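In listed order, ligands and their atoms are each counted from 1. Every heavy atom of this structure was used, including side-chain atoms; hydrogens, water molecules and symmetry mates were not. Not measured: the values here are computed from a predicted model.
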Amino acid sequence: MDPYSALAHLECSRCRRKHDAAVPQGLCQDCATPLLARYDLSQVTVSRADVANRPPDLSRYHELLPVSSPEHVVSLGGGMTPVLPLPRLGAELGLSRLLVKDEGLLPTGSFKARGAAVGVSRARELGQTALAMPTNGNAGAAWSAYAARAGLRMVVAMPVDAPAVTRAEIVATGAELRLVDGRISDAGRLVTRLVAEDPSLADVATLKEPYRIEGKKTIGFELSEQLGWRMPDVIIYPTGGGVGLIGIHKALTELIELGWVTGPLPRFVCVQSTGCAPIVRAFEAGHPESEPWIDARTVAYGITVPKALGDFLVLDALRETGGTAIAVDDADLIADLLLAGGLEGLFFCPEGAATITAARILRASGWLGADEETLLLNTGAGLIYPDLVEISPRAENLPH
Ligand SMILES: *Cc1c(COP(=O)(O)O)cnc(C)c1O
Ligand SMILES: [Zn+2]
């Protein structure tokens, strides 16, 4: 019988050194670079039809996920978010096959739930009892919820001006919240200090542990399955730390290796805000890595990451697939958020709305063909950004 997980070992994404996956690991012990989970795919004999009969949550792909036995799976019921056609928005942009995967329906309101579900499950399985992370809001909310569900202690450090709703989510799900008068990098330094002072705390910042990306990978499995085990031509992704993009790329590569889908890979598009676009700048300059972005700011809070640890992996994925990187203005993404809401009834988060603006620009430039199947990632619910849309009620019409 197949093992529940085909996880074999962890591999450094730069120097390729192997690390033992049976004990908690952080960055590569030689070069302090993120580790990636590697699977023995020859052990995976389950078929696509078997998978189709499983419950619609993340663990339907358990052979390709790191948790080694079902009793360690921590779940709040997330997974199989809809892939929806966007015919009216597509007509407006000149794209006949425009799709969105709507991650706003996941527990805690963003796709950070995927990384948290798998990251927390695996942490508990490996015996970790307390976790700490810096966040711009959504990751903290998700990890706080899943840590509570797992019975683990959670410490979250976040900028004082991060969205208030996520602050409420973190408090409501019982994590210890530390507010920082600064940006996510300042919150990261606080976490580094807390972890150094308290050896029971594990630093689970973006890509500092290897399993969050495995959770994000399920987006790639799901979208292929939902398209009938096919891949779209283009995937447009709002990029902060880049975990989702690296994860989807990793998932599709694993599916090709398994023979469940056939290539070529989609072209990946990394979207950032003109207020924080380190990866776009590096892509345009042909650099293998990004430089820290000074004075980062955008309404798309989830993609305000001045320097991502995994930037080189994002840039590799863009170049390998013939993709591109593009920065969009806040005013344009808000206009497109309202346009999509009115045309399709979907309330995009600002990060998700940035992918609409990117599609518009790339179609206008001819980079995107009119009939190419183009998948947008709406990474969260517009509902968790209550101050984004200006409302001017006609007070004189209200009943007394
Ligand atoms: C975190 C986040 C992103 C960016 O995700 P990365 O994996 O860090 O690139 C995009 N959108 C939302 C809503 C987020 O919370
Ligand atoms: Zn290394």
Side-chain angles (χ1 to χ4, degrees), residues 10-19 25-36 81 101-106 108-116 119 133-143 158 162-163 165-166 169 184 205-208 210 212-217 219-220 235-250 268-273 276-280 290 298-314 317 325 333 337 347-355 358 376-385 388:
L10 300 168
E11 183 186 64
C12 175
S13 55
R14 196 184 299 275
C15 76
R16 307 287 161 199
R17 174 172 165 185
K18 277 190 183 182
H19 291 64
Q25 298 278 5
L27 297 171
C28 172
Q29 288 160 17
D30 282 342
C31 72
T33 302
L35 300 177
L36 297 175
T81 56
K101 187 159 174 63
D102 188 7
E103 297 280 282
L105 298 167
L106 287 166
T108 73
S110 86
F111 80 145
K112 293 294 195 298
R114 294 182 188 272
M133 69 163 21
T135 179
N136 275 329
N138 289 336
W143 281 70
M158 75 185 233
V165 170
T166 58
E169 286 184 277
I184 188 166
T206 308
L207 288 174
K208 284 198 179 166
R212 183 200 295 211
I213 183 173
E214 296 303 294
K216 293 257 183 112
K217 215 172 69 174
I219 304 171
I235 293 178
I236 308 188
Y237 179 80
T239 309
V243 189
L245 192 149
I246 303 164
I248 297 170
H249 178 270
K250 185 171 189 284
F268 282 88
V269 178
C270 155
V271 185
Q272 298 196 299
S273 158
C276 181
I279 295 179
V280 176
S290 65
T298 160
V299 295
Y301 222 86
I303 54 174
T304 319
V305 180
K307 163 74 186 167
L309 206 51
D311 53 359
F312 71 101
L313 295 170
V314 174
L333 72 86
L337 181 150
F347 187 179
F348 278 66
C349 65
E351 297 83 357
T355 67
L376 310 179
L377 258 301
N378 182 39
T379 42
L383 287 175
I384 59 179
Y385 300 78
L388 201 64

* Least distance between heavy atoms, C15 atom then D30 atom -> SG-CB, 4.4 Å
* Is the shortest N/O to N/O distance between T379 and ligand 1 below 3.5 Å? -> yes
* State, to 0.1 Å, how close G242 and V314 come at their nearest heavy-atom pair, and which atoms those are. => CA-CG2, 3.8 Å
* Taking the side chain as every heavy atom from C-beta outward, state whether I184 and T304 have any atom pair closer than 4.5 Å. => no
* Closest non-hydrogen protein atom to atom 14 (C) of ligand 1, residue and atom name please, with distance? -> K112 NZ, 2.9 Å
* Structural part of I303 in contact with ligand 1, heavy atom criterion under 4.0 angstrom -> side chain
* Structure fact -> If you scan protein heavy atoms around atom 6 (P) of ligand 1, the nearest is Y237 OH, 3.2 Å
* Structure fact -> The atoms of ligand 1 lying under 4.0 Å from a heavy atom of V243, numbered in the order shown, are 6 (P), 7 (O), 9 (O)
* Asked: Which ligand 1 atoms does G240 reach within 4.0 Å, using its non-hydrogen atoms?
  -> 4 (C), 6 (P), 8 (O), 9 (O)
* What do we get for F348 next to ligand 1 when only non-hydrogen atoms under 4.0 Å count, side chain, backbone, both or neither? -> neither
* Structure fact -> In ligand 1, the atoms that come under 4.0 Å of a heavy atom of Y385 are 13 (C)
* Structure fact -> Within the 4.0 Å heavy-atom cut-off, what F111 brings close to ligand 1 is side chain
* Report the nearest protein non-hydrogen atom to atom 9 (O) of ligand 1: residue, atom name, distance rounded to 0.1 Å. => G242 N, 2.7 Å
* Is it the case that Q272 and T239 place a side-chain donor and acceptor less than 3.5 Å from each other? -> no
* Asked: Can you name the closest pair of heavy atoms from A308 and G241 and give their distance?
  -> CB-O, 3.7 Å
* Structure fact -> With L35 as partner, the option from H19, K208, Q29, R17 fulfilling side-chain contact (heavy atoms from CB on, under 4.5 Å) is H19
* Asked: Which residue owns the protein heavy atom closest to atom 8 (O) of ligand 1, what's the atom, and how far is it?
  -> G241 N, 2.8 Å
